[in-house]
*Asks:* 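Attaching a single structure in C-alpha cells format; questions to follow.
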Amino acid sequence: MDYKIRYTNTAGILAQFYKATVCRPYRTIGIIIIVVGVLQMCGVIGGIAGIVKLDFSSMTLGVLIIMGIAELAIGVLLCCYHILMGRMALKQGKKQHGGIMPETVVELGDQMVMTEGKAVTTYDYDQISMVRETSSMFCVMLGKYAGILLPKENFEEGDPAAFAEWIKSKYNHIDI
C-alpha cells in the first residue's frame, strides 16, 4: 500500500467534491444567468427612471421585472447546487448506514480499496475516468457522477504533494 486516507464525510466535504466535479458546469451557467438577469433588471430600472428610453407598456415592464427576478433566483440556485448535492449525499449515506455516517478508509496500492463502514469496494486503476485536484482534495472519478474523494489533510500514509505524479504513473490517461 502506497497511500492511505481516512476521513468521515460531512456535508462540507461532499459539497466541495460536487463543486469540483459534477456541478462544475452548473456554476458557470448560473453565473451567466445571473449576469443576464442583472443586465435585464438594470435596463428595466433605467427605463422606469427615464435613463434609458423604452417604449414598453407597463405590463411588459412588469413581465421583464418578474423574468429578471426569476433569472437571478435560478442563477443563484445553480451556483449553490453543489451545496444541495452535498447535503443530499450526506443524508443518503446516513440512510444507507443506519443513521450514522461511517468512517471511510481508502487504500491505494496495486488497486484502490475503499472501506466505508462494513462495505468494502475494490477498483482497478483502469476504471478511473478523471482525476481533479483542488486546493483541499483529489477527486478520483470513476464515471461521470461517481467518484472517490481524497481530502489532502487526511492522508495517513503517503505524501499528498506527490500523489498527482503517483496516480499518473498508475494510469496515464488522467488530466490533473
Side-chain angles (χ1 to χ4, degrees), residues 1-35 72-176:
M1 171 181 47
D2 297 305
Y3 288 91
K4 184 174 185 177
I5 302 94
R6 182 184 305 269
Y7 63 94
T8 302
N9 281 321
T10 63
I13 289 173
L14 290 167
Q16 288 176 21
F17 173 76
Y18 286 112
K19 181 180 178 180
T21 58
V22 177
C23 297
R24 194 172 179 168
Y26 300 146
R27 291 178 50 80
T28 305
I29 294 167
I31 290 168
I32 292 168
I33 291 174
I34 288 171
V35 169
L72 292 173
I74 291 168
V76 168
L77 180 66
L78 287 172
C79 285
C80 298
Y81 190 60
H82 65 281
I83 297 169
L84 297 173
M85 291 284 294
R87 289 181 181 168
M88 289 188 301
L90 183 67
K91 185 177 178 181
Q92 183 64 29
K94 286 181 178 180
K95 187 177 177 182
Q96 287 176 340
H97 297 284
I100 312 168
M101 200 63 193
E103 182 178 65
T104 300
V105 179
V106 180
E107 297 174 333
L108 300 124
D110 293 334
Q111 293 181 311
M112 297 179 290
V113 180
M114 184 172 84
T115 306
E116 192 173 53
K118 295 179 182 178
V120 178
T121 311
T122 303
Y123 302 99
D124 292 320
Y125 292 100
D126 62 357
Q127 291 178 264
I128 297 173
S129 61
M130 175 184 67
V131 175
R132 179 157 288 141
E133 181 179 7
T134 70
S135 60
S136 62
M137 72 175 63
F138 290 96
C139 306
V140 180
M141 298 303 293
L142 304 168
K144 190 171 183 177
Y145 301 108
I148 301 171
L149 57 103
L150 307 171
K152 291 179 180 179
E153 66 183 24
N154 296 90
F155 274 65
E156 286 186 353
E157 295 179 24
D159 179 20
F163 180 75
E165 289 303 317
W166 180 87
I167 197 78
K168 280 182 186 179
S169 73
K170 290 290 185 182
Y171 183 71
N172 57 9
H173 298 290
I174 299 171
D175 296 324
I176 295 184

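The structure presented is a predicted model; accordingly, all values stated were derived computationally and were not measured. Count residues from 1 along the sequence.
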*Asks:* Do any N or O atoms from the side chain of Thr115 and from the backbone of Val120 form a donor-acceptor pair under 3.5 angstrom?
*Replies:*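 Side chain of Thr115 to backbone of Val120, a donor-acceptor pair under 3.5 Å: no, none is there.
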*Asks:* Can you confirm whether more than 12 heavy atoms, excluding those of Tyr3, are under 6.0 Å from its OH atom?
*Replies:*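 It does: Tyr3 OH has more than 12 such atoms within range.
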*Asks:* Please check: side-chain N/O of Lys118 versus main-chain N/O of His97, any donor-acceptor pairing under 3.5 Å?
*Replies:*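 Checking the backbone N and O of His97 against the side chain of Lys118, no donor-acceptor pair under 3.5 Å is found.
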*Asks:* What's the verdict on side-chain contact (heavy atoms from CB on, under 4.5 Å) for Glu157 and Glu107, showing C-alpha distance, side-chain angles and the deciding distance?
*Replies:* CA-CA 9 Å; Glu157 295 179 24; Glu107 297 174 333; over 6 Å; no
*Asks:* By the definition side-chain contact (heavy atoms from CB on, under 4.5 Å), identify the one residue from Ile29, Thr28, Ile34 that meets it with Cys79.
*Replies:*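 The passing option is Ile34.
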*Asks:* Would you say Tyr7 and Glu103 make side-chain contact, with heavy atoms under 4.5 Å?
*Replies:*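 No. Closest side-chain heavy atoms not under 4.5 Å.
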*Asks:* What closest approach, in Å, do Arg132 and Met130 show between heavy atoms, and which atom pair accounts for it?
*Replies:*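 Closest heavy-atom pair between Arg132 and Met130: NH2-SD, 3.6 Å.
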*Asks:* Might you work through the side-chain contact (heavy atoms from CB on, under 4.5 Å) test for Ile13 and Leu149, ending with a clear yes or no?
*Replies:* CA-CA 9 Å; Ile13 289 173; Leu149 57 103; 3.2 Å; yes
*Asks:* If you compare all heavy atoms of Asp124 against all heavy atoms of Met112, which two are closest, and at what distance to 0.1 Å?
*Replies:*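 That would be O-CE, 3.7 Å.
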*Asks:* Apply side-chain contact (heavy atoms from CB on, under 4.5 Å) to the pair Leu150 and Met137, showing each step before the final yes or no.
*Replies:* CA-CA 5 Å; Leu150 307 171; Met137 72 175 63; 5.8 Å; no
*Asks:* Is there side-chain contact between Leu108 and Val106, with at least one heavy-atom pair below 4.5 Å?
*Replies:*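 They are in contact (side-chain heavy atoms under 4.5 Å apart), so the answer is yes.
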*Asks:* I'd like to know whether CG of Asp110 has more than 12 heavy-atom contacts from other residues, nucleotides or ligands below 6.0 angstrom.
*Replies:*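 Atom CG in Asp110 is not crowded, with 12 or fewer foreign heavy atoms closer than 6.0 Å.
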*Asks:* Will you find, in the side chains of Ser136 and Glu153, an N or O donor that is under 3.5 Å from an N or O acceptor?
*Replies:*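 Absent: no donor and acceptor within the cut-off.
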*Asks:* Quick one: does Asn154's side chain have a donor or acceptor within less than 3.5 Å of a partner on Arg6's backbone?
*Replies:*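 It does hold such a pair.
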*Asks:* Are Phe155 and Phe163 an aromatic pair by the rule of ring centers under 6.0 Å?
*Replies:*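 They qualify: ring centres under 6.0 Å apart.
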*Asks:* Measure the shortest side-chain to side-chain distance between Ile167 and Ile128 over non-hydrogen atoms and say whether it is less than 4.5 angstrom.
*Replies:*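 Touching, per the 4.5 Å side-chain cut-off.
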*Asks:* Using 0.5 Å steps for rounding, measure from the OH atom of Tyr18 to the CE atom of Met88.
*Replies:*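 Answer rounded to 0.5 Å: 8.0 Å.
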*Asks:* Identify the heavy atoms of Arg27 and His82 that sit nearest to each other, and give their distance.
*Replies:*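 Shortest heavy-atom contact: NH1-CE1, 3.4 Å.
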*Asks:* Closest heavy-atom contact between Leu90 and Leu14?
*Replies:*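 So the two residues come closest at N-CD1, 3.6 Å.
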*Asks:* Report the C-alpha distance between Ile148 and Thr104 in whole Å, list the side-chain angles of each, state the deciding distance to 0.1 Å, and finish with yes or no for side-chain contact (heavy atoms from CB on, under 4.5 Å).
*Replies:* CA-CA 10 Å; Ile148 301 171; Thr104 300; over 6 Å; no
*Asks:* Nearest 0.5 angstrom please: Met101 CE to Lys95 NZ, how far?
*Replies:*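 That separation rounds to 14.0 Å.
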*Asks:* Give the minimum heavy-atom separation between Gln127 and Thr122, together with the two atoms involved.
*Replies:*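 That closest heavy-atom pairing would be OE1-O, 4.4 Å.
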*Asks:* Roughly how far, to the nearest 0.5 Å, is the CG atom of Leu142 from the CE atom of Met114?
*Replies:*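 So the CE of Met114 and the CG of Leu142 are separated by 8.5 Å.
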*Asks:* Please name the pair of heavy atoms, one in Cys139 and one in Thr21, separated by the smallest distance, quoted to 0.1 Å.
*Replies:*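 Minimum heavy-atom contact is CB-CG2, 3.6 Å.
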*Asks:* Could you measure the distance from the SG atom of Cys23 to the OH atom of Tyr145? Nearest 0.5 Å is fine.
*Replies:*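 The OH atom of Tyr145 is 9.5 Å from SG of Cys23, to the nearest 0.5 Å.
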